[in-house]
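Notes follow once the structure below has been shown.
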There are 2 protein chains.
Amino acid sequence: MIKQIDGFSIGVLSERSGVNVETIRYYEKIGIMPSPVRSASGYRVYRLEHARRLHFVRRGRELGFSLDELRGLLLVVDGHTCSCREVHELTVQHLADIRQKIKDLRRLERVMSDMAAQCTRDLVPECPIIDALFEMRPGAYETGYARVRAERSSKSK
Amino acid sequence: MIKQIDGFSIGVLSERSGVNVETIRYYEKIGIMPSPVRSASGYRVYRLEHARRLHFVRRGRELGFSLDELRGLLLVVDGHTCSCREVHELTVQHLADIRQKIKDLRRLERVMSDMAAQCTRDLVPECPIIDALFEMRPGAYETGYARVRAERSSKSK
DNA sequence: CCTAGAGTCTGTAGCGACTACAGGGTCAAG
DNA sequence: CTTGACCCTGTAGTCGCTACAGACTCTAGG
């Protein structure tokens, strides 16, 4: 049975939470983590509540919340002003972002695997991957610019 | 029929490529884009080859290549030292990264949507989303740290 | 008791990939 | 000749850390 009596150092907190020592100090500096009590020699002394909070932050980061979003969530946590609706909204928005990102990455995956598949590896001097990167897909970037360009060109002619 | 006679300004290149003016200058500074000829008044004068190259870079960025990776690809492009194998390797590695990212995001999506679904929105004072963030999943972070922590704790006892 | 090594402190600078000014010069239209 | 859009350089800011430098403190071994 391990007795964790009172406080522990930043190094222990770091190991316990898996968050880098420097990162913990950084979190303190930007107000994500509260300034803990200091020992006589100026060392930070943490308690279980800090570990709990830091775990919350780490978990939130893993789930892709920005530190700013976490700050908001922590306000809810701290102030018991549990405006559950806001939290829910943030979560749903975040979820939508994730789904969009997945969609984008899937499209990307398709393009990349096509590119890789076309490569014959050293058989021809031309590289289809390089070519694919150079290739202009019409309509991709010309949604708004083509017109402006045409105007410009005819004007400057 | 539009005649693009000779050179064009950074603004035109920006519109044409969809890359920010500042970003183009930044690319020049870090050696991704070559320094173009200057007009008498010091304005950058670009040519089609620049547009082509910038398009390449933009496309690569869209596909998630880092500027450093693109630098490598551009070396291949420039030096005709088309070591196709390297390009292919880079692409395959990149593809693997993308697939991993998709996997991670899917897991994330599941967790997030579970969290959102559990939320009863203002019915109870406890917020299941917040709770979920606080919740310690055993085994998630304790792969390497638990042992170390146990050692430390028993040592420092 | 002394010393070596590990841990901690503050503060600053760096990363990637930009973006946003500030404070100037230039150019074309009216 | 003025106005406004464009361009120039250079620097500082963004996000979320990470990596020092240079100093202090603590602990275990000899």
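Sequence lines set the chain letters: A, B, ... in the order given, protein chains first and strands last, and positions in each chain run from 1.
- Protein atom CZ of Phe65(A) is 17 Å distant from nucleotide atom C1' of dC15(D), rounded to whole Å.
- Rounded to whole angstrom, the span from the CD1 atom of Ile10(A) across to the P atom of dC26(D) amounts to 16 Å.
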Practice prompt. Decide side-chain contact (heavy atoms from CB on, under 4.5 Å) for Met33(B) and Tyr26(B); before the verdict, give the C-alpha distance in whole Å, the side-chain angles of both, and the deciding distance to 0.1 Å.
Written response: CA-CA 9 Å; Met33(B) 288 291 287; Tyr26(B) 169 71; over 6 Å; no

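- Between the CD1 atom of Ile24(A) and the C1' atom of dC9(C) there is a distance of 14 Å, rounded to whole Å.
- Nucleotide dC15(D) holds its C1' atom 13 Å from the CG atom of Leu70(A), rounded to whole Å.
- Contacts of Val21(B) classified as side chain to side chain contact (heavy atoms under 4.5 Å, CB included), with partners at least two apart in sequence or in another chain: Ile10(B), Ser14(B), Arg25(B).
- Taking all atoms of both residues into account, the shortest heavy-atom contact from Leu70(A) to Val57(A) is CD1-O, 3.5 Å.
- Tyr46(A) has its OH atom 16 Å from the P atom of dG7(C), to the nearest Å.
- Taking atom CZ on Arg71(B) and atom C1' on dG16(C), their separation rounds to 11 Å, with Å as the unit.
- By the rule that hydrophobic residues join a cluster once side-chain heavy atoms approach within less than 4.5 Å of another member, Phe65(A) and Val92(A) end up as members of separate clusters.
- Qualifying side chain to side chain contact (heavy atoms under 4.5 Å, CB included) partners for Glu49(A), counting only residues two or more places apart in sequence or in other chains: Arg47(A).
- Residue-to-nucleotide proximity on DNA chain C shows that, of Arg44(A) and Ser41(B), the 5′-proximal contact is made by Arg44(A).
- Remark: P of dG16(C) and CD of Glu69(B) are 12 Å apart, rounded to the nearest angstrom.
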Short heteroatom pairs, N/O only, protein and nucleotides 18-21 of chain C, under 3.5 Å:
from	atom 1	to	atom 2	distance (Å)
dC18(C)	OP2	Tyr27(B)	OH	2.8
dC18(C)	OP2	Arg61(B)	NE	2.7
dT19(C)	OP2	Asn20(B)	ND2	3.4
dT19(C)	OP2	Thr23(B)	OG1	2.8

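- Between Ala40(B) and Asp68(B), the one whose closest nucleotide on DNA chain C sits nearer the 5' end is Asp68(B).
- Here Arg38(B) reaches the OP1 or OP2 of dT9(D): one of its side-chain N or O atoms lies under 4.0 Å away.
- By the 6.0 Å and 45° rule, Arg38(A) does not stack over the aromatic ring of Tyr43(A).
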